[in-house]
Enquirer: 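My questions all concern the structure below.
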Amino acid sequence: MKFNFLQKQTSRREMLRGSATLAGSAVLAHLFPARLLGASAAGYPQQAPSDVLAAMRDWFNAFPLETKRLSEEVTILSGPGGSVVVLNGPDGKFVVDTFVAPAWPRLKKALDGLGNAPVKYVIDTHWHFDHTDNNAHLHAAGATVLAHENTKKRMSEPHDLPVLYRGPNGALVDVHVPPSPVEALPQQTFRASYRLQSQWRNPRAPTLCPRRTYGRGHLRSF
């Protein structure tokens, strides 16, 4: 999710509004995978819901969870809130991002279906709720949540994000994102990079590096 919505051209704003009547926004241009933006908004209410954030979570959760194994050790889960990557090593699973909160039962079932090894690390690529919503569940199960230090900072703060939905008076409706609960915050953070240790078949261990100063990270060398 990126929030450069005010810089988008009018035609792009109109396209997004038509694609997601529920709470369409330039937030959604990056919140939703491209295939979700093409989905019809038919059947969604034409008035802004009272809790836009909950409605967005429910909208994400309406999409099926699809599993695709990329290699013996790497699986991608796609659907309710973008994508989750699972690195399945002999000493545990490394999970990158965690979908939206309502998708937790399906995420847990998918992870359990990849083997009995526990989730060792959860890696938040950045702070947006569709990437961090299920941190607390996985931490309660024994995983360590790892992220850039700015990700933890932003998760600890409230945010008010403008969206493209316009009410009858033409006003934009904002979505309020409260601070994440303490149990969902990363337990380990890094500033420059962090090298993960595991018994991978590939001798090059995954390394986390920041992409932007506001806390987005990415994996390389795996």
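All values below were derived from every heavy atom in this structure, side-chain atoms included, with hydrogens, water molecules and symmetry-related copies excluded.
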Enquirer: Can you name the ring-ring contact (aromatic ring centres under 6.0 Å, His included) partners of His139, sequence neighbours left out?
Expert: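 With sequence neighbours excluded, His139 shows a ring-ring contact (aromatic ring centres under 6.0 Å, His included) to no residue whatsoever.
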Enquirer: Just to verify, what does Asp160 make a side-chain hydrogen bond (donor to acceptor under 3.5 Å, both in side chains) with, not counting sequence neighbours?
Expert: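 Applying side-chain hydrogen bond (donor to acceptor under 3.5 Å, both in side chains) to Asp160 gives His176.
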Enquirer: Does Val74 form a side-chain contact (heavy atoms from CB on, under 4.5 Å) with Val85? I'd like the steps, not just the answer.
Expert: CA-CA 7 Å; Val74 181; Val85 177; 4.1 Å; yes
Enquirer: Measure the spacing between CE of Met56 and CG of Leu161 and express it to the nearest 0.5 Å.
Expert: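 Nearest 0.5 Å value for the CE-CG distance: 8.0 Å.
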Enquirer: To the nearest 0.5 angstrom, please state how far the CG atom of Leu185 sits from the OG1 atom of Thr151.
Expert: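 Interatomic distance, Leu185 CG to Thr151 OG1, rounded to 0.5 Å: 11.0 Å.
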Enquirer: Mind listing the side-chain donor-acceptor pairs of residues 107-114 below 3.5 Å, one per line with the distance, residues two or more places apart or on another chain?
Expert:
{"residue": "Lys108", "atom": "NZ", "partner": "Asp112", "partner atom": "OD2", "Å": "2.9"}

Enquirer: So, using side-chain hydrogen bond (donor to acceptor under 3.5 Å, both in side chains) as the criterion, who are the partners of Asp97 when residues are at least two apart?
Expert: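 In terms of side-chain hydrogen bond (donor to acceptor under 3.5 Å, both in side chains), with neighbours along the sequence ignored, Asp97 is linked to Thr125, His131.
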Enquirer: How far apart are the closest heavy atoms of Lys93 and Asn116, and which atoms are they?
Expert: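 Between these two residues, the closest heavy atoms are NZ-C, 4.2 Å.
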Enquirer: Distance check, rounded to the nearest 0.5 Å: Arg106 atom CZ versus Thr67 atom OG1?
Expert: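 That separation rounds to 10.5 Å.
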Enquirer: Under the side-chain contact (heavy atoms from CB on, under 4.5 Å) criterion, do Asp124 and Met155 qualify, and how do the steps go?
Expert: CA-CA 11 Å; Asp124 293 334; Met155 289 177 65; 4.0 Å; yes
Enquirer: Specify the closest pair of heavy atoms between Thr132 and His126, including all atoms of both residues, with the distance to one decimal.
Expert: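 Scanning both residues, the minimum pair turns out to be CG2-O, 3.3 Å.
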Enquirer: Is there a path of hydrophobic side-chain contacts, each under 4.5 Å between heavy atoms of I, L, V, M, F, W or Y residues, that connects Leu87 with Val122?
Expert: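 Looking at the clustering, Val122 is in a separate group from Leu87.
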Enquirer: Mark yes or no for whether Lys68, through its side chain, and Ser78, through its backbone, hold a donor-acceptor pair below 3.5 Å.
Expert: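 Not a single qualifying donor-acceptor pair exists.
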Enquirer: List for me each residue that meets side-chain hydrogen bond (donor to acceptor under 3.5 Å, both in side chains) alongside Asp133, sequence neighbours excluded, and say none if there are none.
Expert: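 If we apply the side-chain hydrogen bond (donor to acceptor under 3.5 Å, both in side chains) test to Asp133, skipping adjacent residues, the hits are Arg57.
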Enquirer: Who pairs with Glu157 by salt bridge (Lys or Arg N to Asp or Glu O under 4.0 Å), at least two apart in sequence or on another chain?
Expert: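 Glu157 satisfies salt bridge (Lys or Arg N to Asp or Glu O under 4.0 Å) with Lys153 only.
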Enquirer: If the condition is side-chain hydrogen bond (donor to acceptor under 3.5 Å, both in side chains), which residues does Glu149 pass it with, not counting sequence neighbours?
Expert: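 Arg191.
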Enquirer: Might you point out which heavy atoms bring Gln187 and Glu183 nearest each other, and give the distance in Å?
Expert: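 Of all heavy-atom pairs spanning Gln187 and Glu183, the closest is NE2-O, 4.1 Å.
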Enquirer: Would you say Phe94 ends up clustered with Val84 if hydrophobic residues are merged whenever their side chains have heavy atoms under 4.5 Å apart, either directly or through other cluster members?
Expert: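 No, separate clusters.
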Enquirer: Which heavy atom of Asn135 sits nearest a heavy atom of Ala184, and at what distance?
Expert: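 Between these two residues, the closest heavy atoms are ND2-O, 2.9 Å.
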Enquirer: What heavy-atom pair brings Gly89 and Ala117 nearest, and what distance separates the two atoms?
Expert: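 Closest approach of Gly89 to Ala117, heavy atoms only: O-CB, 4.4 Å.
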Enquirer: According to side chain to side chain contact (heavy atoms under 4.5 Å, CB included), who are the partners of Gln188, at least two apart in sequence or on a separate chain?
Expert: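 With sequence neighbours excluded, Gln188 shows a side chain to side chain contact (heavy atoms under 4.5 Å, CB included) to Tyr121, Thr144, Leu146, Tyr194, given in chain and number order.
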Enquirer: Give me the atom names and distance for the closest heavy-atom approach of Asp174 to Val52.
Expert: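 Scanning both residues, the minimum pair turns out to be O-CG2, 4.2 Å.
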Enquirer: Going by the rule ring-ring contact (aromatic ring centres under 6.0 Å, His included), which residues pair with His159 if we only count those two or more places apart in sequence or in a different chain?
Expert: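 With neighbours one apart ignored, the set is Trp127.
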Enquirer: If you measure from OG on Ser83 to CD on Glu66, what distance do you get to the nearest 0.5 Å?
Expert: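 CD of Glu66 is found 9.5 Å from OG of Ser83.
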Enquirer: Suppose we screen for side chain to side chain contact (heavy atoms under 4.5 Å, CB included). Which residues come up paired with Pro105, at least two apart in sequence or across chains?
Expert: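 Applying side chain to side chain contact (heavy atoms under 4.5 Å, CB included) to Pro105 gives none.
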Enquirer: Applying a strict under-4.5 Å side-chain criterion to I, L, V, M, F, W and Y, I'd like to know whether Val145 and Trp104 cluster together.
Expert: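 In one cluster: yes.
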